[in-house]
Amino acid sequence: MRTFEDTYRHKGMRKQLVDLVRQKGISDERVLDALLNIPRHFFMDSALDKTAYEDRAFPIGEGQTISQPYTVAYQSQLLEVKPFEKVLEIGTGSAYQASVLAEMGAQVYTIERQKKLFEANKVFPYLKKYRNLKLFYGDGFEGLPTYGPFDKVIVTAAAPFIPPKLVEQLKTGGKMVIPVGMSGEGQVQRMLRLTKRADGGVDEEAFDNFSFVPMVEGRNH
Ligand code: SAH
């Protein structure tokens with residue numbers, strides 16, 4: 001069960017979590033403010049409201065996870081999102097990362113391949129708050145060609161390679177933040193930030209290693 005009550009106790013735990021994420025090296029105040037404003041416990045079972053404010057990933061069903069707050073903050077900071085930018089997210093999952101981007105003022109388009117997760121998010125009351133957040137059921141390898149091009153793309157699952165269609169759907173000068181590498185037990189992926197050049201190619205910057213659930217081709221019913 002989930003409850004949607006944000007008490008002083010929750011706010012206090014959230015403040016401590018944000019301080020921890022800051023200590024770990026996140027300095028973008030707009031990212032930290034979004035983390036402070038969003039009740040992460042709304043995205044998890046109400047029995048887990050303390051766990052929601054620990055800096056760790058957690059299972060959300062369908063073998064998927066809500067990303068670790070530090071990881072969400074890290075990717076959001078690398079994305080350098082500005083208000084009104086069009087952002088495509090691959091891997092809606094719990095919709096926590098999507099909410100962080102929406103809270104920062106982006107126009108968010110997020111795709112999930114698992115029907116059940118998509119359906120659950122469709123009726124998740126908290127998300128109604130964000131008129132700038134649109135949910136899609138589909139295969140992230142395909143992107144959303146009819147809604148592009150995008151200023152930014154964020155992939156929140158381990159990509160075995162850089163999906164060419166996602167590069168195509170980026171504007172010139174646009175950026176993609178994506179963890180690339182093999183996935184599975186004990187595997188890590190390298191966080192990359194790609195910037196699209198006028199000639200259609202990309203410039204690549206490499207950051208830290210993380211461990212994500214795999215990006216899988218095709219939709220799941
Ligand atoms: N952004 C999420 C993290 C979810 S974990 C959050 O904030 O909680 C990664 C998600 O990517 C999973 O829900 C998984 O089902 C989804 N996923 C994996 N491959 C995908 C694909 N090809 N297209 C869309 N979603 C995908």
Side-chain angles (χ1 to χ4, degrees), residues 43 57-68 71-72 74-76 78-79 86-101 106-122 124 127 133-171 174-197 200-221:
F43 295 73
F58 207 81
I60 55 167
E62 311 306 312
Q64 304 305 325
T65 55
I66 176 169
S67 297
Q68 185 179 346
T71 306
V72 171
Y74 191 99
Q75 286 196 282
S76 303
L78 283 182
L79 207 57
K86 276 172 77 171
V87 179
L88 174 65
E89 183 198 26
I90 309 305
T92 316
S94 68
Y96 179 69
Q97 170 74 76
S99 298
V100 168
L101 299 171
Q107 299 289 337
V108 184
Y109 299 76
T110 181
I111 314 180
E112 173 56 56
R113 70 177 288 278
Q114 301 256 15
K115 189 89 182 265
K116 280 193 184 147
L117 295 178
F118 167 76
E119 299 288 355
N121 284 323
K122 276 276 179 204
F124 179 10
L127 300 184
L133 171 54
K134 292 192 169 61
L135 306 167
F136 296 84
Y137 167 53
D139 178 3
F141 280 97
E142 300 296 322
L144 285 176
T146 52
Y147 293 85
F150 297 94
D151 297 291
K152 306 282 165 68
V153 173
I154 175 172
V155 178
T156 67
F161 54 86
I162 297 164
K165 289 180 182 168
L166 298 185
V167 175
E168 272 169 35
Q169 290 168 37
L170 261 186
K171 291 181 187 172
K175 291 183 197 298
M176 182 182 329
V177 173
I178 179 170
V180 179
M182 306 263 283
S183 49
E185 196 62 36
Q187 302 272 20
V188 295
Q189 301 87 42
R190 178 59 64 96
M191 194 65 77
L192 301 182
R193 181 167 62 188
L194 314 175
T195 304
K196 189 165 173 180
R197 294 190 307 252
V202 291
D203 291 324
E204 191 176 306
E205 299 165 274
F207 297 91
D208 295 317
N209 286 333
F210 290 86
S211 186
F212 284 81
V213 298
M215 183 173 178
V216 180
E217 277 182 82
R219 296 193 299 187
N220 185 318
H221 294 274

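All heavy atoms count here, side chains included; hydrogens, waters and symmetry mates do not.
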Point-to-point distance, once rounded to the nearest 0.5 Å, from CD of Gln169 to CE of Met176: 9.0 Å
Any donor-acceptor N or O pair under 3.5 Å, side chains Ser183, Gln189: no
Atom of Ala98, atom of Thr110 and distance for their closest heavy-atom approach: CB-CG2, 4.1 Å
Val202 and Ile162, any side-chain heavy atoms less than 4.5 Å apart: no
Ring geometry between Tyr147 and Tyr109 (parallel below 30°, tilted from 30 to 60°, perpendicular above 60°): tilted
Distance, nearest 0.5 Å, that separates CZ of Arg219 from CD of Glu112: 12.0 Å
Side-chain donor or acceptor of Glu89 paired with backbone N/O of Ile154 under 3.5 Å: no
Heavy-atom pair with the smallest gap, counting every atom of Ile60 and Ser94: CD1-N, 3.4 Å
Audit row: Lys86, Asp151, side chain to side chain contact (heavy atoms under 4.5 Å, CB included) steps and yes/no: CA-CA 5 Å; Lys86 276 172 77 171; Asp151 297 291; 3.8 Å; yes
Distance, nearest 0.5 Å, that separates CZ of Arg113 from CD1 of Ile111: 12.5 Å
4.5 Å side-chain heavy-atom contact, Gln64 and Glu62: yes
Side chain to side chain donor-acceptor pair (under 3.5 Å) partner of Asp203, the single match among Lys196, Arg197, Lys175: Arg197
Approximate separation, where rounding is to 0.5 Å, of Tyr74 OH and Phe207 CZ: 6.5 Å
Steps toward side chain to side chain contact (heavy atoms under 4.5 Å, CB included) verdict (Phe43, Ser99): CA-CA 10 Å; Phe43 295 73; Ser99 298; 3.5 Å; yes
Heavy-atom side-chain contact between Tyr137 and Lys115 under 4.5 Å: yes
Evaluation steps, side chain to side chain contact (heavy atoms under 4.5 Å, CB included), between Asp208 and Met191: CA-CA 6 Å; Asp208 295 317; Met191 194 65 77; 5.7 Å; no
Closest non-hydrogen atom pair, Leu133 against Leu127: CD2-CD2, 4.0 Å
Whether Gln75 side chain and Val155 backbone form a donor-acceptor pair below 3.5 Å: yes
Ile178 CD1 to Glu204 CD distance, which is reported to the nearest 0.5 Å: 10.0 Å
Reported NZ-to-CZ distance for the pair Lys152 and Arg193, which is rounded to 0.5 angstrom: 9.0 Å
Lys171 NZ: over 12 foreign heavy atoms closer than 6.0 Å: yes
Test side chain to side chain contact (heavy atoms under 4.5 Å, CB included) applied to Phe150 and Gln107, step by step: CA-CA 10 Å; Phe150 297 94; Gln107 299 289 337; over 6 Å; no
Distance-minimising heavy-atom pair for Leu101 and Ser76: CD2-OG, 4.2 Å
Thr156 (side chain) donor-acceptor with Ile90 (main chain) under 3.5 angstrom: yes
Atom of Ala158, atom of Phe212 and distance for their closest heavy-atom approach: N-CB, 3.5 Å
Residue pair Val72 / Ser67: nearest heavy atoms and the distance that separates them: CG2-CB, 3.7 Å
